[in-house]
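Have a look at the structure below, then the notes.
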Amino acid sequence: MRTAALAACLLAVSARADVALPALFGPHCVLQRGPRVPIWGQAAPHEPVTVSIGGQSVQAEADDRGRWRTALDLADAGPGPFELVVTGRNRLVVPDVAIGEVWVCSGQSNMDWSVARTRGAAATIAASANPDLRVFTPVRQFSDHPLDSIEGQWQRAGPDATGGFPAVGYWFGRDVQAALHRPVGLVHLSWGGSPVESWTSQAALDTDPELKAGAARVLAQYRQYQKDLRAYVAAYDAWEKAYWRQGPAPADPRQFAAPDASTEGWQPVSLPGSLGESGLPDAGAVWLRRTFTITPQMAIGPLFINLGILRDFDSFYVNGVKVGETSPQTGGAASPRTYYMEVNAVRPGPVTLALRLVAPAGGAAVMGPDTAFNIDTVTLAGTWLAKPEYALPELSADGRAAYPAPMAAAPYPFRVPTWLFNGMIHPALGYAMRGVVWYQGEDNAPRAFQYRKAFPLMIEDWRRRWGEGAFPFYFCQLPKFGPVAAQPQDSLWAELREAQTRTLALPHTGEAVLIDLGEPGDIHPRNKIPVGDRLARLALARTYGMKIVDSGPVFAGMTVEGDALRIRFRHTEGGLVVHALPSSYRPMTVVALTRPLVLPAPDSQVQGFAVCGPDRRWVWADATIDGSDVVVRAPGIAHPQAVRYAWADSPVCNLFNGAGLPAAPFRTDDYPGLSDAVKFGFTP
């Protein structure tokens, strides 16, 4: 999980160097412009250390454990670049150090999503040369205890590096750098599929009895799985030996999986289906392969490979490169098989897929169903070529009865509470920065009600520990994802968005509303430019004091007027406007399929409003703009009680202000939601 490559580079000045710096202070780093910029590192115990940059020098002395810390005053420093020089018994020189604005980019996969995976990536990357925009990319790590260091490297934006930058961070940083005309550094600390509790310290979780108990349950489940896996491996090894099911040593996979491997003697087989029924060994190891065409849209990546249900163990190869496997030693064979390839693993055009299926107890099969046997929704069902690697004799009835049932997939360690805080955040604490931009919440949607306290708890936890006070914290509200509902209904994603909005009660926070963005069929929308732009607007307006519009319309109050509701808004700069909606939409931009867009209220000026009466039965409403208000009424609702706007997984809505920013989803009721009773502590 960790590498010493950059540390070795910094220490190469002397094979016996005593003074060392964390990777965060490596070549091309950006230091925050400000009066107190901490610098720290290692040296011999009690060794005097001098840190110099731009004509300024400060001193420190290492403690009994060789740890030292000091601070620079960079309030009036120019942008550089400078050399950062650290001198003790040896002398370290860090080249190309810029001084400007540092922002932490964190969250789950939509923050981790790289520029190379986005719409228009090729043109963006080709035109991205900018030595004043830099990103620190770490070697990702998790830990059951707080770590003090994290490896990684700084890179400057340019055609050779920008493809790997976090896309939201890149567009945010590009806009901020262009507006301020000073260097911007992004410290990228993200992990796909991570809940907010993984990013929160144990001490913070312990302050809330409910979250503390949930964290304890998740950790207990993780540890129990490791214990069960050890027992399963022992039982499987014993069974394998008792019934002579080891098989020969695995063959060289290149002779089966390489694109140029001969297919002479291979036989066609229809998948999904049973291999034994096709005349192949029912027990043993069988290779399956076929050619698949990667379209330019799919090559945006990553490619999600769904193999459906496999009875036993497998290894999957693309162009001869293994992209995933299950085995008795790793567990997971009892789970549906999903692997993925990074964007740089494939190019548009034909690729060779190869699946090695191992069935030690017999019953070799790819069980499907067809809908779960695909790559990014493109079916893999049909004719494959098959060749046995080895066959095992028929297993006795006693052997079949004694076969240890394969285990389900292991819990993900990056979903264990506190482990990402320990591995990713704790090593960076104290690195001088301006603020945080955050994109996360998808993983917490099933527990949206609890997110109301878990998310603010994490923000306050970071602020207490970072040493920068109540720094700015700007976050993305979740965009569209999920089916477009024909009728008003409850929604976990709407509840999560509401929990995010409630977090604005914390000072120095801001929310980038994305309800006009997203893809109903893809949790990773490919257009990240407006996401970065809206986060940058928040930073430029609220942190740097620029006179720009940073918010769309926000609910400000409601008045009952007979059979109508008058909704008041603030942040209506340029007036309330509606944006025209298309007649169709694409659930996933990487798939050409389109679907008709059915308007909830076809005769309404504004789409997306629903009202209910005393019976709490929600119906779509007609809505009309009246100055800075919207007047809402619905046929059959004589006494409206409450209103909701854009309250759905993928709402059809079109209210904006004159600056082109969307109105934030809201509701005026406090009726029970889908997530109210769902608490932290389920199996990760």
Check: [X] ring centre within less than 6.0 Å of [Y] ring centre:
X	Y	result
W154	F136	yes
Y412	W191	no
W438	W462	yes

Any chance the side chains of D144 and Y222 put a donor and an acceptor closer than 3.5 Å?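 The answer is no; no qualifying pair exists.
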Can you check side chain to side chain contact (heavy atoms under 4.5 Å, CB included) on H508 and F471, steps first, answer last? CA-CA 7 Å; H508 309 300; F471 54 75; over 6 Å; no
What is the ring orientation for F475 with F473, classed by angle as parallel under 30°, tilted 30 to 60°, or perpendicular over 60°? tilted
Any heavy-atom pair between the side chains of [Y] and [X] that's under 4.5 Å?
X	Y	value
F666	V643	yes
T330	E325	no
W113	V168	no
P195	R447	yes
S190	Y439	no
S198	F142	no
Y645	I567	no
L517	R534	yes

Mind listing the closest non-hydrogen atom pair of [X] and [Y] along with its distance?
X	Y	result
W103	G435	CE3-C, 3.2 Å
R667	E498	NE-OE2, 2.9 Å
W466	A428	CZ2-O, 3.5 Å
A663	I515	O-CG2, 3.7 Å
L597	P582	CD2-O, 3.2 Å
L674	E495	N-OE2, 2.6 Å

Keeping [X] on the side-chain end and [Y] on the backbone end, is there a donor-acceptor pair under 3.5 Å?
X	Y	result
Y544	V176	no
Q108	D443	yes
R337	S335	yes
S114	P166	no
E519	R526	yes
T207	A203	no

Reported [atom1]-to-[atom2] distance for the pair [X] and [Y], which is rounded to 0.5 angstrom:
X	Y	atom1	atom2	value
L538	D550	CG	CG	5.0 Å
T338	L307	OG1	CG	7.5 Å
Q202	W419	CD	CH2	11.5 Å
L186	Q155	CG	CD	12.0 Å
L514	L661	CG	CG	10.5 Å
S149	L24	OG	CG	9.5 Å

The criterion is ring pair (Phe, Tyr, Trp, His ring centres under 6.0 Å); which residues satisfy it with W647, sequence neighbours excluded? none
Please list, chain by chain and in numerical order, all residues satisfying ring pair (Phe, Tyr, Trp, His ring centres under 6.0 Å) with F316, sequence neighbours excluded.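 F316 satisfies ring pair (Phe, Tyr, Trp, His ring centres under 6.0 Å) with no residue once adjacent residues are dropped.
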Apply salt bridge (Lys or Arg N to Asp or Glu O under 4.0 Å) to [X] and list each qualifying residue two or more places apart in sequence or on a separate chain.
X	value
D670	none
K453	D208, E210
D490	R644
D649	none

R464, CZ atom: more than 12 neighbouring heavy atoms under 6.0 Å: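 Result for CZ/R464: enclosed.
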Quick note, salt bridge (Lys or Arg N to Asp or Glu O under 4.0 Å) partners involving residues 466-489, not counting sequence neighbours, are none
Does anything in residues 187-196 pair up under salt bridge (Lys or Arg N to Asp or Glu O under 4.0 Å), and if so which pairs, sequence neighbours excluded?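 Salt bridge (Lys or Arg N to Asp or Glu O under 4.0 Å) check on residues 187-196 returns no pairs.
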When H524, Q440, K528 are each screened for side-chain hydrogen bond (donor to acceptor under 3.5 Å, both in side chains) with N110, the one that passes is K528
Side chain to side chain contact (heavy atoms under 4.5 Å, CB included) between N422 and L147, intermediate numbers included: CA-CA 6 Å; N422 292 339; L147 301 179; 5.5 Å; no
Should E197 and N444 be marked as a side-chain hydrogen bond (donor to acceptor under 3.5 Å, both in side chains) after you check the CA-CA gap, both sets of side-chain angles, and the distance that decides it? CA-CA 9 Å; E197 293 86 359; N444 281 87; 3.3 Å; yes
State whether D112 and R140 are salt-bridged, where the test is any N-O pair (Lys NZ or Arg NE/NH1/NH2 against Asp/Glu carboxylate O) under 4.0 Å. yes
In terms of side-chain geometry, is the basic nitrogen of R616 or D669 positioned less than 4.0 Å from the acidic oxygen of its partner?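 Between D669 and R616 there is no salt bridge, as every charged N stays at least 4.0 Å from the carboxylate O atoms.
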Walk me through it: do T543 and Y474 pass the test side-chain hydrogen bond (donor to acceptor under 3.5 Å, both in side chains)? CA-CA 10 Å; T543 301; Y474 303 133; 2.7 Å; yes
Could you list the residues that satisfy side chain to side chain donor-acceptor pair (under 3.5 Å) with [X], not counting sequence neighbours?
X	value
R465	S201, D461
S143	H145
N657	none
D228	Q224

Evaluation steps, side chain to side chain contact (heavy atoms under 4.5 Å, CB included), between S675 and R452: CA-CA 11 Å; S675 65; R452 295 182 180 187; over 6 Å; no
Set out, in order, the CA-CA distance, both residues' side-chain angles and the distance that settles side chain to side chain contact (heavy atoms under 4.5 Å, CB included) for T503 and E511, then state yes or no. CA-CA 9 Å; T503 303; E511 179 178 63; over 6 Å; no
